[in-house]
Amino acid sequence: MAPTVVRLPAASLTAEAFAPFGWLPVADTDKRDGEARLHFEWADPHLNVIAHAPDEVEHAPGGDPLCAVLYRHATHTQALMSMNVDAVVAVAPADVTFASSEDVAHVRAFRLPPLAPFVLHRGTWHWGPFPLGSEPVQLLNVQGLGYARDNDSVSLPERTGSVLEVVANGA
């Protein structure tokens, strides 16, 4: 049986909307600077550039990307920033189990303009970022070097019977 397609509008990335999933870095002159901290349980912070191409995921007939798998890291935060193109990311709180179809209601999506950094809390489920156009998204990425040993995943079709159509113009 084919999974149910659930439309998930992508909202604008704001600190308030993103707070359940992580935080947005602030200027060093902002009184909130330093309130949120990066965490690397294995003392292995690593900075690199990664990329995601549009052909890494399936797309709905209208062109919007389909989210079928979410990932998370229990041992570290992860900071990301698109360096070149508009992209989208889907996220869910760490405590969501995806044990039933109702759990997909906890997933949120955000539209990411280039140069808009964000940090995922430890354990936050995430998909992407994936580009909105035909060019791969180049991502500045800060995460634990040993992330491959801490890369839990969940298949939405298997666990919930759903895939998420991330609607880029949904906000």
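Values reported hereafter were calculated over all heavy atoms of this structure, with side chains retained and with hydrogens, waters and symmetry mates removed.
With hydrogens and angles ignored, the 3.5 Å screen pairs no side-chain donor or acceptor of His39 with any backbone N or O of Arg37. For the pair His46 (side chain) and Asn141 (backbone), a donor-acceptor distance under 3.5 Å is absent. Judged by distance alone, with hydrogens and angles left aside, the side-chain atoms of Asp150 form a donor-acceptor pair with the main-chain N or O of Thr75 at under 3.5 Å.
Each ring-ring contact (aromatic ring centres under 6.0 Å, His included) pair with one or both residues in residues 79-98, not counting sequence neighbours, appears once here: Phe98-Trp125. Residue pairs meeting the salt bridge (charged side-chain N to carboxylate O under 4.0 Å, His left out) criterion with at least one partner in residues 44-53, sequence neighbours excluded, are absent. Residues in residues 100-114 take part in these salt bridge (charged side-chain N to carboxylate O under 4.0 Å, His left out) pairs, two or more places apart or across chains: Asp86-Arg111. Note on residues 126-155: pairs passing ring-ring contact (aromatic ring centres under 6.0 Å, His included), not counting sequence neighbours, are His52-Phe130, His73-His126, Trp127-Phe130.
Arg32 is linked by a salt bridge (Lys or Arg N to Asp or Glu O under 4.0 Å) to Asp30, counting only residues two or more places apart in sequence or in another chain. Not a single salt bridge (Lys or Arg N to Asp or Glu O under 4.0 Å) links Glu58 to another residue, sequence neighbours left out. Taking Asp33 as the reference, nothing meets the salt bridge (Lys or Arg N to Asp or Glu O under 4.0 Å) condition, with sequence neighbours excluded. Scanning for side chain to side chain contact (heavy atoms under 4.5 Å, CB included) contacts around Ala17 gives Thr14, Phe110, with sequence neighbours left out. Annotation: side-chain hydrogen bond (donor to acceptor under 3.5 Å, both in side chains) contacts of Asp55 (sequence neighbours excluded): none.
Taking every heavy atom of both residues into account, Val107 and Ala90 meet most closely at CG1-CB, 4.1 Å. The nearest pair of heavy atoms linking Pro136 to Asn84 is O-ND2, 3.0 Å.
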Would you tabulate the side-chain donor-acceptor contacts of residues 60-72 under 3.5 Å, counting partners in other chains and residues two or more places apart, or write 'none'?
from, atom 1, to, atom 2, distance (Å)
Arg72, NE, Asp152, OD2, 3.4
Arg72, NH1, Ala94, O, 2.6

In residues 160-167, what donor-acceptor pairs under 3.5 Å come from side-chain atoms, sequence neighbours left out?
from, atom 1, to, atom 2, distance (Å)
Thr160, OG1, Leu156, O, 2.7
Thr160, OG1, Ser162, N, 3.2

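Residues Val49 and Leu80 are members of separate hydrophobic clusters, defined by side-chain heavy-atom contacts under 4.5 angstrom among Ile, Leu, Val, Met, Phe, Trp and Tyr. When the side chains of ILVMFWY residues are joined at heavy-atom separations under 4.5 Å, either directly or via intervening members, Leu13 and Val137 end up in a single hydrophobic cluster.
Annotation for Val26: hydrophobic cluster partners, listed by chain and number, are none (ILVMFWY side-chain heavy atoms under 4.5 Å, direct or chained).
In this structure, Leu38 and Pro45 have side chains that are not in contact, with every pair of non-hydrogen atoms separated by 4.5 Å or more.
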